[in-house]
Number of protein chains: 2
Amino acid sequence: MSTPGTAQLAPRARVVELLERRGVTATQQRVEVGQVLFACPQHLSADQILERVLAMGARVSKATVYNTLNLFSERGLVRTLSIDGDRQFYDPTTAPHHHFYNVDTGELIDIPADALALASLPAPPAGTAHERIDVIIRVRSS
Amino acid sequence: MSTPGTAQLAPRARVVELLERRGVTATQQRVEVGQVLFACPQHLSADQILERVLAMGARVSKATVYNTLNLFSERGLVRTLSIDGDRQFYDPTTAPHHHFYNVDTGELIDIPADALALASLPAPPAGTAHERIDVIIRVRSS
DNA sequence: CACAAGGATGAGAATTGTTCTCATTCCATC
DNA sequence: GATGGAATGAGAACAATTCTCATCCTTGTG
Ligand SMILES: [Mn+2]
Ligand SMILES: [Mn+2]
Ligand SMILES: [Zn+2]
Ligand SMILES: [Zn+2]
């Protein structure tokens, strides 16, 4: 039994703490975006985040949602996923992990880092250093 | 000593054969796109392909380049890569392999499938079947 | 507790990669 | 050489994202 229009949200206090730990000023809108984004492990588009923030009764603009997500991404509060050419998804789980992507439904499912062994990693090209590894396992509904 | 404006191209006959093997009618424009795309292992955007086809003196439109790349992609002649939210890259190497992506320069480098061991693959979610695995190793210029 | 000063916000325009429309052109087949 | 269906292309349309810049907040200061 869920109250319509009242999705689960991360508590403001927890969001404020997360932002301040990364040196991000905890403004009204950033906290509201964070309450939606950090509610649970999930993968949301900018549009979905905007919808949900508006649904919780807050007032935010599209520009601020994008500003905020880009800032969160720079500060390591969110991971940006590009799985197709359409839109990006924002992933509150920043620890290393991977994804199943259902090409038919668009669904994204987390794969814990330790559920997938990457052996014999090739050395990065000369003059470069590893930053992060993304594994996307594309699946079809069968 | 390279002749300016005359980049290396795949021979028309080879391209025609590739297309016909996949049941794709070998029209003038499709063959020209193929000559650019199948010239060597590489990763080009639609715009780069258009530029190069025009540079070889052929007449093609943007719409046809996109039509052709989407058709090639459906027929398994090219693999589409989404590495950031900006544009897609088209990869003539359709056999399984992976990529280094230099986030500073935008450079994409192939990693042969056998240079990277993926052990203990998790089972696909119920009701789905593996389609393909993409590993992208993001690196920074250091 | 006013009060700057700089940072954040937002309405809407701009940008850009990609798709769509549909009239025209091409091509395989007869 | 005709012809019917597929392919092409100019340009409009779309959609995700960014930009502009006037207005609004925050935060520290007096
Ligand atoms: Mn971006
Ligand atoms: Mn596409
Ligand atoms: Zn995830
Ligand atoms: Zn490749």
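All values below come from the heavy atoms of this structure, side chains included, with hydrogens, waters and symmetry mates left out. All values derive from a computational prediction rather than experimental measurement. Letters A, B, ... mirror the listed sequences (proteins, then strands); counts begin at 1.
Side-chain N or O atoms of A:Gln42 include one that pairs as donor or acceptor with a backbone N or O of A:Val36 at under 3.5 Å. Of the possible polar contacts, none joining the A:Ser73 side chain to the A:Leu69 backbone as a donor-acceptor pair under 3.5 Å is found. Checked by atom type and distance alone, the side chain of A:Arg87 never pairs as donor or acceptor with a backbone atom of A:Ser45 at under 3.5 Å.
Computed from coordinates, the B:Leu69 CG to D:dT8 P distance equals 12 Å when rounded to whole Å. Taking atom CG on B:Leu19 and atom P on C:dC27, their separation rounds to 14 Å, with Å as the unit. Following rounding to the nearest Å, B:Glu32 (CD) and C:dC26 (P) show an atom-to-atom distance of 13 Å. Protein atom CG of B:Leu50 is 15 Å distant from nucleotide atom C1' of C:dT19, rounded to whole Å. Look at CG on A:Asp47: it is 15 Å from C1' on D:dT18, rounded to the nearest Å. A:Glu51 places its CD atom 14 Å from the C1' atom of D:dA16, with the value rounded to the nearest Å. Rounding to whole angstrom units, CD of residue A:Gln48 and C1' of D:dA15 are separated by 15 Å. Atom-to-atom, CZ of B:Arg87 to P of D:dT17 comes out at 16 Å; the value is rounded to the nearest Å.
Within a 6.0 Å radius of CZ in B:Arg59, no more than 12 heavy atoms belonging to other residues, nucleotides or ligands are found.
Between the OG atom in A:Ser142 and the NE2 atom in B:His130 there is a gap of 11.5 Å [rounded to 0.5 Å]. Between the CG atom of A:Leu77 and the CG atom of A:Leu18 there is a distance of 6.5 Å, given to the nearest 0.5 Å.
Each of A:Leu44 and A:Tyr101 belongs to its own hydrophobic cluster when Ile, Leu, Val, Met, Phe, Trp and Tyr are linked at side-chain heavy-atom distances under 4.5 angstrom.
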- Sugar-phosphate atoms are those with a prime plus P, OP1 and OP2; base atoms are the rest. Using that split, label each nucleotide of nucleotides 7-16 of chain C B, S or - for protein heavy atoms under 4.0 Å, 5' to 3'. -SSBB-----

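OP1 and OP2 of C:dT19 both lie 4.0 Å or more from every side-chain N or O belonging to B:Tyr66.
When the C1' atoms of four end pairs are superposed on the next four at each end of the helix from C:dC1-D:dG30 to C:dC30-D:dG1, using five pairs per end, the two resulting axes differ in direction by 20°, to 10°.
With sequence neighbours excluded, the residues that form a salt bridge (Lys or Arg N to Asp or Glu O under 4.0 Å) with A:Asp134 are A:Arg79, A:Arg132, B:Arg138.
Looking at the side chain of A:Asn70, the nearest of the listed nucleotides D:dT18, C:dT19, D:dA16 is D:dT18.
Side-chain contact check for A:Ile137 versus A:His98: every heavy-atom pair is 4.5 Å or farther apart.
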